[in-house]
There are 2 protein chains.
Amino acid sequence: MATIRDVAKQAGVSVATVSRVLNSNGYVNEDTRVKVTEAIKELNYLPNDVARSLFKRRSKMIGLILPDITNPFFPELARAVEDVANETEYTFVLCNSDNQMEKEQQYLTALKQKYIDGFIVVSSTLTTEQVHELNVPVVALDRIISPHMPSVSVQNYEGAQEAVQYLIENGCQKIAHISGPDYVDNAHARKQGYLDMVRDKDWYEDGLVVDGKYELDPAKKAATQLLEQHPDVDGIFVGNDLMAVGVLKAAEALGIKVPEDLSIIGFDGIALGETTTPALTTMGQPIYDVGSKAAELLINYIEGIPSVHSNHSFGVQIIERETVKKGGV
Amino acid sequence: MATIRDVAKQAGVSVATVSRVLNSNGYVNEDTRVKVTEAIKELNYLPNDVARSLFKRRSKMIGLILPDITNPFFPELARAVEDVANETEYTFVLCNSDNQMEKEQQYLTALKQKYIDGFIVVSSTLTTEQVHELNVPVVALDRIISPHMPSVSVQNYEGAQEAVQYLIENGCQKIAHISGPDYVDNAHARKQGYLDMVRDKDWYEDGLVVDGKYELDPAKKAATQLLEQHPDVDGIFVGNDLMAVGVLKAAEALGIKVPEDLSIIGFDGIALGETTTPALTTMGQPIYDVGSKAAELLINYIEGIPSVHSNHSFGVQIIERETVKKGGV
DNA sequence: TTGTATGCGTTATCAA
DNA sequence: TTGATAACGCATACAA
């Protein structure tokens with residue numbers, strides 16, 4: 001590996017001038033610029049980013065901390081972040097936290113030792129203090145950590161209401177909800193959206209909302225119980241698509257026809273929902289846009305470019321497929 | 001951020017001694033060791049990895065280059081790599097190449113500038129020369145670049161044969177194949193496995209193998225055509241699970257009952273296959289093990305630990321679910 | 001057992 | 001317009 005010194009020697013100039021043409025700042029004579037450029041080419045020289053980082057105290061790296069890339073909601077998000085990182089010449093570090101604060105903290109400090117420039121985090125456990133004392137730019141994604149911290153998310157509450165409304169409009173008479181964990185703010189918001197739509201219905205009762213942990217199997221179990229105890233439920237608003245697939249499987253196992261006997265609507269709009277039979281109707285969020293917006297926000301933040309909105313909330317939109325029986329009341 | 005110099009001052013020793021206790025090498029008096037440790041604690045000192053990297057010429061980072069994390073085959077692989085990277089204190093960089101050699105090359109050189117210690121690559125375009133002149137440890141994953149380069153993969157040829165055999169044993173009379181791209185070695189091997197099982201059957205004809213590009217929609221289209229042109233096909237061995245889902249969808253659209261009128265078997269064993277209706281029968285590969293083995297191999301390679309086998313090939317195993325009609329001939 | 005000095009490869013300051 | 005040189009924060013060779 002050639003160093004800047006080798007280039008300098010080859011071009012018959014000092015390292016300072018080489019550095020100047022490299023970063024194109026400061027005056028440099030056209031002739032010597034050419035000489036240096038040629039030397040660089042001949043030696044196949046590439047600047048050493050580590051040395052650069054040491055001097056600049058920044059690494060051109062950003063980290064994405066999320067629960068688990070194996071959860072089908074996250075790959076598209078990660079892809080979006082990676083894409084904008086790539087465009088802006090940042091390198092992208094992926095961290096799976098399994099929702100454990102300990103792991104999050106480990107990644108945070110380990111990467112800080114590498115002069116990482118910033119983080120995007122999907123977390124329900126990180127506190128404002130932790131982020132603050134980290135002293136590195138952070139934007140929250142999908143889940144909000146604090147209103148005072150830049151974030152990108154979607155209109156969970158409103159989306160949930162729309163979803164329930166859609167079920168009602170299509171004739172459902174008794175609508176249940178499979179919720180995500182209460183400590184996840186978006187799960188909480190979706191549940192509230194549901195509750196505020198149904199709480200005053202005469203058919204409503206507490207047993208209609210059960211926890212599915214945002215995972216497939218727990219949701220399947222929860223739905224099975226729910227449907228056994230409340231056979232008159234004819235519509236379910238499920239907190240995310242992954243759980244909705246579990247609900248679909250539960251109905252199938254119980255011999256309940258979807259959508260004839262039971263309408264199901266999910267939330268997220270992940271690709272998985274297109275592959276089930278029947279295909280999943282859902283409240284879709286613009287996952288890729290959410291991810292890339294978070295990355296943009298972070299990079300602007302890092303580079304000191306002021307952002308108009310530092311708390312961005314995307315709208316959601318219903319994706320009509322096959323798990324809701326169409327027809328008015 | 002405190003530096004080693006701050007710690008030295010605080011403890012009343014030189015930076016060399018601090019370095020010694022940090023890396024626990026060289027002699028150091030127990031008393032001063034304690035003093036230093038305390039100073040470190042008081043100052044909340046963390047060593048600067050960038051400075052370390054510059055000196056050591058290595059970064060404790062490994063890169064994983066794969067086509068697209070959005071393809072449901074890859075998240076589990078990536079997770080496995082990240083897990084062992086994490087255990088061994090390496091940080092994990094994810095790169096999406098979209099199967100473009102140009103992007104691969106960009107990542108390779110960009111990360112080399114950061115003193116990356118090694119790569120795991122899922123690639124069909126990278127050449128031995130490129131890897132060689134990179135002069136950084138590389139292990140090939142899922143797809144073999146050269147027999148002389150460490151690699152981890154599965155028994156594609158044998159698995160394909162088993163899959164076809166399974167279809168035959170269960171009474172299929174005319175078996176087609178939806179293949180992956182021929183330039184992907186594992187797709188080629190799977191196709192060969194199929195061909196070597198059926199080439200001499202009296203029902204075999206060339207039109208029975210069609211390209212599905214290892215993607216869902218192309219496979220769906222290909223299967224639709226295939227099934228229209230060859231209505232007597234009663235079994236399909238599909239080159240991967242993602243395409244198999246497309247085939248399932250095609251059959252559904254054509255009103256062909258699976259598995260009653262058509263048996264389908266995929267390859268890979270990704271989670272997606274469990275969620276379809278009917279659930280996909282497939283040749284499962286130990287995806288997580290494949291990924292973690294590759295990571296182990298790479299890290300041993302990096303750290304100079306000799307590996308017994310540098311070309312590892314895992315076995316595959318049939319996962320019987322619901323898309324193959326059971327029953328002998 | 002400990003300290004001093006040097007280098008890892010850059011960038012930026014200051015002179016020239 | 002260019003060149004010396006001092007950082008950046010650490011680890012090691014060599015002295016002491």
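By convention in this document, chain letters (A, B, ...) are assigned in the order of the sequence lines, proteins followed by strands, and residues within each chain are numbered from 1.
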Query raised in the report: Listed by chain and number, what are the side-chain contact (heavy atoms from CB on, under 4.5 Å) partners of His188(A), not counting sequence neighbours?
Result: Asp182(A), Gln192(A)
Within the pair [X] and [N], is there a side-chain N or O less than 4.0 Å away from OP1 or OP2?
X         : N       : value
Tyr27(A)  : dG3(D)  : no
Tyr115(A) : dG9(D)  : yes
Ser19(B)  : dA11(D) : yes

Query raised in the report: Between Ile302(B) and Ile62(B), is a side-chain contact (heavy atoms from CB on, under 4.5 Å) present by the stated rule, with each step listed?
Result: CA-CA 10 Å; Ile302(B) 291 171; Ile62(B) 61 174; 3.8 Å; yes
Atom [atom1] of [X] and atom [atom2] of [Y]: how far apart are they, to the nearest 0.5 Å?
X         : Y         : atom1 : atom2 : answer
Asp117(A) : Ile299(A) : CG    : CD1   : 9.0 Å
Asp268(A) : Gln285(A) : CG    : CD    : 5.0 Å
Lys103(A) : Ile65(A)  : NZ    : CD1   : 12.0 Å
Leu134(B) : Leu111(B) : CG    : CG    : 9.5 Å
Gln105(A) : Thr127(A) : CD    : OG1   : 8.0 Å
Ser19(A)  : Ile4(A)   : OG    : CD1   : 5.0 Å

Query raised in the report: Contact class for Arg57(A) (heavy atom, under 4.0 Å): base, sugar-phosphate, or nothing?
Result: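 Sugar-phosphate, backbone atoms only, no base.
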Query raised in the report: Base, sugar-phosphate, or nothing for Thr17(B), non-hydrogen atoms under 4.0 angstrom?
Result: sugar-phosphate
Report task. Please list, in 5' to 3' order, the outermost nucleotides of DNA chain C lying under 4.0 Å from any heavy atom of chain B. Result -> dT1(C) to dG9(C)
What is the distance from [atom1] of [X] to [atom2] of [N], rounded to the nearest Å?
X         : N       : atom1 : atom2 : value
Asp6(B)   : dC10(D) : CG    : P     : 9 Å
Lys114(A) : dG9(D)  : NZ    : P     : 16 Å
Arg20(B)  : dC14(D) : CZ    : P     : 14 Å
Lys112(A) : dG9(D)  : NZ    : P     : 13 Å

Requested in this report: Begin with the C-alpha distance, continue with both residues' side-chain angles, and end with the deciding distance and a verdict on side-chain contact (heavy atoms from CB on, under 4.5 Å) for Tyr288(A) and Val290(A).
Outcome: CA-CA 5 Å; Tyr288(A) 190 92; Val290(A) 168; over 6 Å; no
**Report entry** salt bridge (charged side-chain N to carboxylate O under 4.0 Å, His left out) against Lys35(B), all qualifying residues, sequence neighbours excluded
**Finding:** none
Requested in this report: Check whether any side-chain heavy atom of Thr91(B) lies under 4.5 Å from a side-chain heavy atom of Lys114(A), and answer yes or no.
Outcome: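 Yes - at least one pair of side-chain heavy atoms lies under 4.5 Å apart.
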Query raised in the report: Which parts of residues 47-55 of chain B get close to DNA chain D, meaning a heavy atom less than 4.0 angstrom away?
Result: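 Here the set is Pro47(B), Asn48(B), Ala51(B), Arg52(B), Phe55(B).
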Requested in this report: Please list, by residue number, the residues of residues 28-35 of chain A whose heavy atoms come closer than 4.0 Å to an atom of DNA chain D; answer none if no residue qualifies.
Outcome: Val28(A), Asn29(A), Thr32(A)
**Report entry** First of Ala16(A) and Gly12(B) reached from the 5' end of DNA chain C, by closest nucleotide
**Finding:**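 Result of the comparison: Gly12(B).
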Report task. Dump the intermediate steps for side-chain contact (heavy atoms from CB on, under 4.5 Å) on Tyr214(B) and Asn186(B), then the final yes or no. Result -> CA-CA 11 Å; Tyr214(B) 264 175; Asn186(B) 58 40; 2.7 Å; yes
Query raised in the report: Through what angle, rounded to 10 degrees, does the axis of the helix from dT1(C)-dA16(D) to dA16(C)-dT1(D) turn between its ends, using five pairs per end?
Result: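 For the helix from dT1(C)-dA16(D) to dA16(C)-dT1(D), the axes at opposite ends meet at about 50°.
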**Report entry** Heavy-atom closest pair, residues Met149(A) and Asn311(A)
**Finding:** O-ND2, 3.5 Å
Requested in this report: Begin with the C-alpha distance, continue with both residues' side-chain angles, and end with the deciding distance and a verdict on side-chain contact (heavy atoms from CB on, under 4.5 Å) for Arg79(A) and Asp68(B).
Outcome: CA-CA 8 Å; Arg79(A) 178 66 209 246; Asp68(B) 184 5; 3.0 Å; yes
